[in-house]
Amino acid sequence: MLTSVPCYLMRGGTSKGLYFLKDDLPYDVEARNALLLKLMGSPDARQIDGLGGAHPLTSKVAIVSRSSRENTDVDYLFLQVTVDKAQVSDAQNCGNILAGVGPFAIEKGLVQVETLDAYADVRIHMVNTGSDAVARVQLSEGKVNYQGNATIDGVPSASAPVLINFLDIAGSSCGALFPTGNAVDTILGVEVTCIDNGMPVVLLNAQDFGLSGNELPNELESNTALCKHIESIRLQAGQMMNLGDVSKKTVPKMSLVSRPNAGGLINTRTFIPHRVHDAIGVLGSVSVATACVLQGTVANTLLQQSFGDGTVVVDVEHPTGQFSVEMDITHSTSLSEFVVNRAALLRTARLLMRGEAFADCE
Ligand code: NQM
């Protein structure tokens, strides 16, 4: 049976995905996932029979609905569709796809805007982690304005800015900012920092693996011994971070950190978790930035820098540029008292196509 679904294809930050209204998809999770696999063309390394882009960063889905909560406008559920396996997972959030949620919500009339408004602040409840974000979307004559001069590394062209503020993301998947209770743990003889400020991430010093930290993503992906070693550490870290068996989950992410090369604070290469990110995830970078400022973490020890209370801007270097995270922090010298009050960052988003997506379903 040929099924069609109203669908938007959007770039959100450095990712790309399909955006749907919740009411346009089956409510039954199994039926919904089966449909999404068909629409994306998974499982298939090339996703040749679907809309997926044959990479985890372009095989993503946002499901959006009017919020059932008082303080937010819309609910956003993120789903990662595995490229080469019949898997659809809600175990992680995605801050890049989040950048397209505000524009999509306005396009679909879930948020009302006036003709004279310059921008709309869309309050988004992120269903995967139960936390909230506010996205500032630029408007022109009551419609979303995608055109502008904002640039983000990893995207060749400029677009209108989407400013995102996160308020309550600490421990969003693991229950605590430092889920093991430590700034540093040793796993399989390697010192690691396990952190969750919006995204569970394990930080590792690149030097401990005989790496400079400047390797290209495909060099790292083709180093089989390295990938196996990092995956072994990840499986143990997952248990220690309250995530259970993570063998089929896309969290935690594994970030190799090293000294910066281009004026940033820290340099990264991030396994997400089996491919290496061409840049770095949004919430992944918030977690890395947070680890930089707390004394005693793998990142902070590498930097040998201390931070006072107040606003800090951490520039996280990655394979295609830098990612800037602004944070308000308190007590960066004490693990038990350390708080990140707010994290803010800049993304852009662009509507690429809207129409109907077709799938041949049984
Ligand atoms: O960390 C990739 C991405 C992401 C997730 C990943 C993300 C985030 O770049 O918030 O954005 O780590 O799987 O889209």
Side-chain angles (χ1 to χ4, degrees), residues 9-19 52-62 76-83 85 87-102 124 126-133 135 152-155 162 164-166 168-170 172-174 195-203 217 220-221 230 234 238 243 246 248-256 268-291 314 316 318-325 327 343-350:
L9 176 66
M10 298 183 81
R11 175 181 64 74
T14 51
S15 282
K16 191 156 63 178
L18 302 184
Y19 289 67
H55 191 283
L57 297 177
T58 51
S59 184
K60 300 186 164 204
V61 167
Y76 152 54
L77 174 71
F78 169 71
L79 296 175
Q80 179 72 55
V81 179
T82 303
V83 172
K85 294 193 183 78
Q87 281 173 7
V88 179
S89 171
D90 64 0
Q92 78 162 82
N93 195 355
C94 178
N96 271 310
I97 290 296
L98 170 70
V101 170
I124 302 165
M126 300 181 288
V127 176
N128 303 75
T129 51
S131 42
D132 297 341
I152 56 172
D153 286 341
V155 178
V162 179
I164 302 182
N165 260 283
F166 296 108
D168 62 343
I169 50 175
S172 56
S173 297
C174 302
I195 185 166
D196 171 13
N197 201 10
M199 181 66 73
V201 176
V202 179
L203 284 91
L220 296 172
E221 283 174 4
I230 287 184
R234 194 179 80 86
L243 295 167
V246 296
K248 293 203 176 81
K249 293 187 184 164
T250 54
V251 284
K253 313 291 177 184
M254 306 298 281
S255 272
L256 292 166
T268 58
R269 295 291 182 269
T270 303
F271 288 73
I272 60 167
H274 304 127
R275 301 294 305 267
V276 176
H277 207 304
D278 293 318
I280 185 169
V282 169
L283 291 153
S285 67
V286 175
S287 287
V288 169
T290 305
V314 175
V316 178
H318 56 67
T320 45
Q322 294 193 18
F323 194 116
S324 237
V325 182
M327 298 185 294
L345 43 91
L346 168 74
R347 295 281 83 190
T348 63
R350 208 163 78 75

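Just follow the structure's listing: the first ligand is 1, and inside any ligand the first atom is 1. None of the values given here were measured: they were computed from a predicted structure. We use all heavy atoms of the structure for the numbers below, so side chains are in, but hydrogens, waters and symmetry mates are not.
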Check your understanding: Nearest protein heavy atom to atom 4 (C) of ligand 1, by residue and atom, and its distance?
Key -> K60 NZ, 3.2 Å

Exercise for review: Go through the steps to decide whether N96 and T14 satisfy the test side chain to side chain donor-acceptor pair (under 3.5 Å), and finish with yes or no.
Suggested key: CA-CA 6 Å; N96 271 310; T14 51; 3.2 Å; yes

Check your understanding: Among H277, M199, R347, R275, which residue places a heavy atom closest to atom 9 (O) of ligand 1?
Key -> H277

**Study point:** Proximity of S15 to ligand 1 by residue part, where a heavy atom lies under 4.0 Å
**Key:** side chain

Check your understanding: Is any N or O atom of G284, backbone or side chain, closer than 3.5 Å to an N or O atom of ligand 1?
Key -> yes

**Study point:** Nearest option to atom 10 (O) of ligand 1, as decided by whichever heavy atom of S285, G12, P56, G95 sits closest
**Key:** G95

Review point. Counting both backbone and side chain atoms, is some N or O of I272 under 3.5 Å from an N or O of ligand 1?
Key: no

Exercise for review: Could you tell me whether T14 and ligand 1 have an N or O pair separated by under 3.5 Å?
Suggested key: no

Study note, to complete from the structure: Within 4.0 Å of some non-hydrogen atom of N96, the atoms of ligand 1 are 3 (C), 9 (O), 11 (O), 14 (O)

**Study point:** Partner set under ring-ring contact (aromatic ring centres under 6.0 Å, His included) for Y19, not counting sequence neighbours
**Key:** F104

Review point. Measuring from the heavy atoms of L57, does anything fall under 4.0 Å of ligand 1?
Key: yes

Check your understanding: Just distances here: any N/O of Q80 and N/O of ligand 1 closer than 3.5 Å?
Key -> no

**Study point:** Steps toward side chain to side chain donor-acceptor pair (under 3.5 Å) verdict (Q80, T250)
**Key:** CA-CA 8 Å; Q80 179 72 55; T250 54; 5.5 Å; no

Review point. What is the distance from atom CG of L18 to atom OG of S59, rounded to the nearest 0.5 Å?
Key: 8.5 Å

Review point. If every non-hydrogen atom of L220 is compared with every non-hydrogen atom of R269, which pair is closest and at what distance?
Key: CD1-CB, 3.6 Å

Study note, to complete from the structure: Here the pair of heavy atoms bringing P217 nearest to H277 is CG-O, 3.9 Å

Review point. What do you reckon, does L283 have a nitrogen or oxygen under 3.5 Å from a nitrogen or oxygen of ligand 1?
Key: yes

Check your understanding: What residue and atom, counting heavy atoms only, is the protein's closest point to atom 12 (O) of ligand 1, and at what distance?
Key -> K253 CE, 3.2 Å

Check your understanding: Hey, is ligand 1 close enough to N93 that some N/O pair sits below 3.5 Å?
Key -> no

Practice item. Search all heavy atoms of S173 against all heavy atoms of T129 and return the closest pair with its distance. Key: OG-CG2, 3.6 Å

Study note, to complete from the structure: For I97 and K16 the tightest heavy-atom approach is CD1-C, 3.8 Å

**Study point:** Minimum heavy-atom distance between M199 and N93, given as atom pair plus value
**Key:** CE-O, 3.2 Å

